[in-house]
There are 2 protein chains.
Amino acid sequence: MSNTKVLPLLEPEVPETVAPCCPPLTERPFTAEEAETAARMFKALGDPVRLRLFSAVASHEGGEACVCDISDVGVSQPTVSHHLKKLKEAGLLTSERRGTWVYYRVEPSVLAAMGKLLTIAPAAA
Amino acid sequence: MSNTKVLPLLEPEVPETVAPCCPPLTERPFTAEEAETAARMFKALGDPVRLRLFSAVASHEGGEACVCDISDVGVSQPTVSHHLKKLKEAGLLTSERRGTWVYYRVEPSVLAAMGKLLTIAPAAA
DNA sequence: CATCTATGTTGACATACGTCGAACCAAACG
DNA sequence: CGTTTGGTTCGACGTATGTCAACATAGATG
């Protein structure tokens with residue numbers, strides 16, 4: 001019932017959407033370029049509605065969710081669509097149409113990448 | 001030389017600035033309230049300049065940095081001050097004046113909290 | 001006190017952002 | 001086909017945001 005088993009499906013679709021952009025925040029000062037890249041992801045999660053949508057997809061069984069399953073976040077349906085698009089553009093989600101419905105799925109590597117960013121110390125050196 | 005040893009200084013100054021707000025994003029859909037809280041932190045890091053400032057402080061020796069040491073990020077001095085204020089308001093940094101200079105320091109627990117947010121699965125149940 | 005340096009605050013401005021309703025597209029169904 | 005249902009795109013609107021120059025404040029120093 002959990003989503004622990006759906007994570008290994010790293011298909012080589014658009015690998016550049018979430019590159020290993022940056023070292024941990026605490027390792028050394030970010031360059032302008034690194035900051036630009038990382039900030040784009042943080043920014044995407046910096047809106048309450050988007051965060052709820054992302055969490056809803058990430059926690060949904062199968063690691064993916066139909067829009068109809070997650071669009072109850074208190075804003076209009078066009079707004080939901082708008083935010084999902086933003087999340088896609090940030091490389092956090094991917095979408096796929098299957099018949100009537102559109103399914104969104106989290107890009108698994110992105111969570112790991114952002115998690116590393118917030119690592120205290122890599123215990124290096 | 002690294003900042004691994006300065007982390008244990010969790011002084012009970014303002015503990016509510018970074019509460020254990022939320023479970024991992026992948027555990028269950030965020031409530032509106034959780035999303036509001038977490039989004040505030042993500043939003044603070046969602047600007048390239050702020051991210052560079054935060055990274056500069058976090059990676060600086062001693063876990064803290066004078067404004068003069070980190071203000072070389074390509075924007076004017078008032079803008080730097082403005083962003084540092086935002087980071088403070090988000091609970092990510094604290095500041096202290098010591099003589100002539102003002103020192104900023106990262107709130108250590110905040111990194112751990114945000115890191116947990118991005119955990120894949122807590123391996124629970 | 002006068003003054004210099006280091007930061008923070010204020011006010012103004014252009015741009016970006018979140019939101020909605022309306023129009024539009026795509027698949028299913030009669 | 002026409003209609004219904006699910007979802008996106010468009011256009012508009014109000015608000016928030018990032019930025020700077022100008023001014024203000026806090027210590028240090030003479």
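In the text below, chain A, chain B and the rest are named by the order of the sequence lines, each starting its count at 1.
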Proximal nucleotide (of D:dT8, C:dT9, D:dG6) relative to the B:Pro78 side chain: C:dT9
N/O (side chain, A:Tyr104) to phosphate O (OP1/OP2, D:dT8) under 4.0 Å: yes
Closest to the A:His83 side chain, choosing from C:dT9, D:dG18, C:dG18: C:dG18
Any A:Arg50 side-chain N or O less than 4.0 Å from OP1/OP2 of C:dG18: yes
Atom pair distance, as rounded to whole Å: NE2 in B:His82 and P in C:dT10: 13 Å
N/O (side chain, B:Lys43) to phosphate O (OP1/OP2, C:dC17) under 4.0 Å: no
Under 4.0 angstrom between B:Ser76 side-chain N/O and D:dT19 OP1 or OP2: no
Residue A:Cys66, side-chain atoms from C-beta onward, closest of D:dG6, C:dT9, D:dG7: D:dG7
B:Trp101, nearest nucleotide to its side chain (from C:dG18, C:dA6, D:dT19): C:dA6
Sugar-phosphate only, base, or nothing, as touched by B:Lys88 at under 4.0 Å among non-hydrogen atoms: nothing
Of the listed nucleotides D:dT19, C:dG18, C:dC20, the one nearest the side chain of A:Val75: C:dC20
Residue A:Asp47, side-chain heavy atoms: nucleotide from D:dG18, D:dG7, C:dG18 that is nearest: C:dG18
A:Ser81 vs D:dT8: side-chain N/O to OP1/OP2 distance below 4.0 Å: yes
B:Glu89, CD: over 12 other non-hydrogen atoms inside 6.0 angstrom: yes
Length of the line joining B:Gln77:CD and D:dT19:P, which is rounded to integer Å: 14 Å
Donor-acceptor contact present, side-chain A:Ser55 to main-chain B:Arg28, <3.5 Å: yes
A:Lys85 side chain near D:dT8 phosphate (N/O to OP1/OP2, under 4.0 Å): no
Nearest-nucleotide pick for B:Thr100, side chain only, options being D:dA28, D:dT9, D:dA26: D:dA28
Touch class at under 4.0 angstrom, heavy-atom based, for B:Arg98 against every strand present: nothing
Gap between atoms CZ and C1', on A:Arg52 and C:dG18 respectively (whole Å): 16 Å
